[in-house]
Amino acid sequence: MKEYCHKSKLTNFEVIVRLSREGVNAERWDHDFIRRELSKHNANDIRKVWVCGPPAMSETFEKCFDQIKLEN
């Protein structure tokens, strides 16, 4: 999908691959990381977020989005 969008000059899709490796890249998709990534975009432009990962990561996203909803 990323390659297709790039070749077609589409800007409506972005993929962020986050692989954690101990000692190399220990940062995880926690609330701070999710907020930092979301802050790079205009909130009105975001229509969907797809999460592919273990259940604990999906739960982290759900909790973070619920917290953001309560703040707005």
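- Salt bridge status for Glu3 with Lys7: absent, with no side-chain N to carboxylate O gap under 4.0 Å.
- Minimum heavy-atom separation, His41 to Glu37: CD2-O, 3.4 Å.
- No continuous path of hydrophobic side-chain contacts links Met57 to Trp50 [ILVMFWY only; heavy atoms under 4.5 Å].
- The shortest side-chain heavy-atom distance between Ile68 and Arg35 falls under the 4.5 Å cut-off.
- Taking 4.5 Å as the limit, some side-chain heavy atom of Leu38 sits within range of a side-chain heavy atom of Ile34.
- Phe65 and Ile46 fall within the same hydrophobic cluster, where Ile, Leu, Val, Met, Phe, Trp and Tyr residues are linked whenever their side-chain heavy atoms come under 4.5 Å apart, directly or through other members.
- Annotation for Ser58 and Gly53: closest pair OG-O, 4.4 Å, computed over non-hydrogen atoms.
- Proximity of Val51 to Phe61: side-chain heavy atoms (C-beta onward) are separated by under 4.5 Å at one or more points.
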